[in-house]
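Below, read A as the first sequence line, B as the second, and so on, with proteins coming before strands; counting in each chain starts at 1.
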Protein chains: 2
Amino acid sequence: MIDYISLKRCPVFQGIDEKEASLLLEQVHYQIKVFKKHDIIALAGDQVKNLYIILKGSVSGEIHDYSGNTVKIEDIEAPRPLATAFLFGSENRFPVTVVARNDVTIFSMPIDDFLKLLHLNTRLLKNFLNSISSRAQFLSRKLNFLSIKTIREKIANYILQKAGDRFHSIELKNTQQELADLFGVTRPSLARVLSEMQKEKLIIIDKRTVTILNKEKLNKLIRNI
Amino acid sequence: MIDYISLKRCPVFQGIDEKEASLLLEQVHYQIKVFKKHDIIALAGDQVKNLYIILKGSVSGEIHDYSGNTVKIEDIEAPRPLATAFLFGSENRFPVTVVARNDVTIFSMPIDDFLKLLHLNTRLLKNFLNSISSRAQFLSRKLNFLSIKTIREKIANYILQKAGDRFHSIELKNTQQELADLFGVTRPSLARVLSEMQKEKLIIIDKRTVTILNKEKLNKLIRNI
DNA sequence: AAAAAAATGTATCAATTGTTACAAATAGTA
DNA sequence: TACTATTTGTAACAATTGATACATTTTTTT
């Protein structure tokens, strides 16, 4: 029997208690798979035939370049599910190669069994729909952000979003280089615009602290008035 | 009673025959709404309270930059559903403004009723999961596309994707303005780059037909070699 | 505390794209 | 066909960003 403590931490199983879960899991097939560091869990292009949930450890999603170089796309840690947005849909294949970053334990259940569970339990269905929707929403927000054209607007957007409604200053957790990557611009370009915005007294930057001097103008910037 | 012919063409209702469908639809509430060209169907930020399926016509999903610029994200045509990925999830709001591109008829059903249907019918559930997944997959591809920086690369990418492996020429279905919106650039800029690429004998454009002259170079462009 | 590494500020010049404007070509319609 | 609206081609100039380089500051390591 599976250790349900890890599983219920996963968003998909939230709000379902152990008794209910064990009743559900009795009716379907599932496996617990163990991988060691650097093991390949799935290859890019492989069909996704199972729901995977990482119970322990973390994996890395990688793309292998034409010249054999490896580009890391993202890390996924327990207790997150894997590639839920690719379980169904027209192209249900792994978009990346999944590699174990350390010792990894994975809960695996065939799609059809999972579908059965979704039918048996409303909470599970709602959870899963929420999970997959949130993923799409995340992508959509990313898309919105990328469609902002000028660096200045991106900065305003980023700062105001971080600041929320209440605060005058925010603490940056990233280096300029990381921010620049996030914005999809070069580091010197970002620094230049930050510096301009300081000269215009929109913000003050002191080390990693950004203080908002003129919230109105920042807002107008976003709205491009 | 609704004309089921349009509805069953929608991926969500695929494989469900008229008898079955009418039995299902009897148990829930739904509406048919009609819009004219340029009507706003939903504003970005509006809560998604209903499942929408386009029965007739087509709509455009747009981000309105505050300076009045419009970035078209995509066109959705009958019989596709609308914003399915935003029915659930933490932020169930329209990510884009939805505008009618012509005379549009839309089928609308409250979320709770729809959830009820998902429980009643496995095929429907599977269809819906497929739909929402495809959506996430689409967004993911879109994100990749938007992260391409130069117009030249975007064009190469677009043309090669349209062309697939076999053909030497493709037929554009969009005006330059629509393409430019899709790319998130201005129309003259797009035209300029297209013209340059013609001069460099990468492509030939005759009216709406684009002929690929140098596939290798186009490929290299994408891969940034 | 000293040395090394990383991050930041800034400058210059090149490349790309935006803005605006207008003529030419094409498509749509009476 | 003739007229109109839409689409396309192109040009000149402005604005933004990229690329590169290097000094300075800050952080991390020894």
Side-chain angles (χ1 to χ4, degrees), chain A residues 145-159 170-211 220-222 224-225, chain B residues 37-38 60 63-72 75 101-103 145-159 170-211 221-222 224-225:
Chain A
F145 192 69
L146 264 188
S147 72
I148 296 174
K149 275 169 208 152
T150 68
I151 298 180
R152 180 174 287 256
E153 286 170 53
K154 288 184 186 188
I155 293 173
N157 200 303
Y158 185 82
I159 291 178
I170 62 170
E171 192 74 24
L172 295 181
K173 285 169 199 159
N174 311 307
T175 65
Q176 278 192 4
Q177 183 61 64
E178 288 171 330
L179 268 189
D181 288 344
L182 193 68
F183 290 5
V185 301
T186 59
R187 207 264 315 157
S189 292
L190 176 64
R192 169 171 45 202
V193 179
L194 280 173
S195 156
E196 284 167 11
M197 289 173 83
Q198 272 203 93
K199 279 177 195 153
E200 295 167 27
K201 303 196 175 169
L202 292 173
I203 53 177
I204 295 177
I205 302 172
D206 182 29
K207 301 187 182 163
R208 291 280 171 97
T209 305
V210 178
T211 305
K220 283 185 185 172
L221 246 178
I222 292 183
N224 245 326
I225 299 173
Chain B
K37 187 169 180 174
H38 298 311
S60 153
I63 293 178
H64 292 289
D65 200 313
Y66 307 93
S67 54
N69 294 328
T70 298
V71 180
K72 177 182 288 186
D75 290 337
R101 296 183 67 221
N102 38 49
D103 285 354
F145 189 68
L146 259 191
S147 68
I148 297 172
K149 274 172 206 145
T150 68
I151 297 179
R152 179 174 287 256
E153 284 171 51
K154 288 184 186 188
I155 292 172
N157 200 303
Y158 185 82
I159 290 178
I170 62 168
E171 190 75 25
L172 295 180
K173 285 170 200 159
N174 311 306
T175 65
Q176 277 193 5
Q177 182 61 62
E178 287 172 330
L179 266 190
D181 288 344
L182 194 68
F183 289 6
V185 301
T186 59
R187 207 265 312 158
S189 293
L190 176 65
R192 170 172 44 205
V193 179
L194 280 173
S195 158
E196 284 168 12
M197 290 174 82
Q198 273 204 94
K199 279 176 194 154
E200 293 167 28
K201 303 196 175 168
L202 292 173
I203 53 177
I204 294 178
I205 303 173
D206 182 30
K207 298 183 186 169
R208 291 281 172 95
T209 305
V210 178
T211 305
L221 249 179
I222 293 183
N224 245 329
I225 300 173

query: For the helix from C/dA1-D/dT30 to C/dA30-D/dT1, how many degrees between its two end axes (five pairs per end), to the nearest 10°?
result: 50°
- prompt: Taking CD from A/Q176 and P from C/dT10, how many angstroms apart are they, rounded to a whole number?
  reply: 10 Å
query: Just how far, in rounded Å, is P of C/dG9 from CG of A/D206?
result: 10 Å
- prompt: Please give, in whole Å, the distance from C/dG18 C1' to B/D181 CG?
  reply: 14 Å
message: In whole Å, I'd like the distance from the CD1 atom of B/I151 to the P atom of D/dG18.
response: 14 Å
task: Find the distance B/Q177:CD to C/dT19:C1' and express it as a whole number of Å.
output: 13 Å
query: Quick one: on DNA chain D, does A/R208 or A/G184 contact a more 5' nucleotide (nearest heavy atom)?
result: A/G184
task: With side chain to side chain contact (heavy atoms under 4.5 Å, CB included) as the test, would you mind laying out the steps for B/L172 and B/K207 before giving the verdict?
output: CA-CA 9 Å; B/L172 295 180; B/K207 298 183 186 169; over 6 Å; no
task: Remember a base hit wins even if backbone is also touched, and classify B/S189 as base, sugar-phosphate or nothing at under 4.0 Å, heavy atoms.
output: base
query: How long is the line joining CG of B/L172 and C1' of D/dT8, in whole Å?
result: 13 Å
- prompt: Given D/dA19, C/dT19, D/dG9, which nucleotide is nearest the side-chain atoms of A/T186?
  reply: D/dA19
- request: Between protein and nucleotides 20-30 of chain C, map the contacts as a letter string: B base, S sugar-phosphate only, - none, heavy atoms under 4.0 Å, written 5' to 3'.
  value: B----------
message: For the residue pair B/T150 / B/E153, report whether a side-chain donor-acceptor contact shorter than 3.5 Å exists.
response: yes
- request: Specify the closest pair of heavy atoms between A/Q198 and A/I205, including all atoms of both residues, with the distance to one decimal.
  value: OE1-N, 3.1 Å
query: Run the side chain to side chain contact (heavy atoms under 4.5 Å, CB included) check on B/I203 and B/L194 step by step: do they pass?
result: CA-CA 8 Å; B/I203 53 177; B/L194 280 173; 4.1 Å; yes
message: Determine whether B/T209 and B/I204 satisfy the following criterion, side chain to side chain contact (heavy atoms under 4.5 Å, CB included), listing intermediate values before the conclusion.
response: CA-CA 8 Å; B/T209 305; B/I204 294 178; over 6 Å; no
- line: Between CZ of B/F183 and P of C/dT17 the distance, given in whole Å, is 12 Å
task: Please tell me which of the listed nucleotides, D/dG18, D/dT7, D/dT16, lies nearest to the side chain of A/V185?
output: D/dG18
- request: Quickly work out the A/E153 CD to D/dT16 P distance and round it to whole Å.
  value: 10 Å
Contacts of type side chain to side chain donor-acceptor pair (under 3.5 Å), residue B/N174, not counting sequence neighbours: B/Y158
field: side chain to side chain donor-acceptor pair (under 3.5 Å) partners for A/T211, two or more places apart
entry: none
task: Establish, with yes or no, whether the OP1 or OP2 oxygen of C/dT17 is under 4.0 angstrom from a side-chain nitrogen or oxygen of B/R152.
output: no
- request: Can you run down the salt bridge (Lys or Arg N to Asp or Glu O under 4.0 Å) pairs that involve residues 173-198 of chain A, sequence neighbours left out, and say none if there aren't any?
  value: A/R152-A/E196
task: Under 4.0 Å from any atom of DNA chain C, heavy atoms only: list the residues of residues 190-198 of chain A that qualify, in numerical order.
output: A/A191, A/R192, A/S195
- request: Tell me, with the steps shown, if A/V185 and A/L179 meet side chain to side chain contact (heavy atoms under 4.5 Å, CB included).
  value: CA-CA 9 Å; A/V185 301; A/L179 268 189; over 6 Å; no
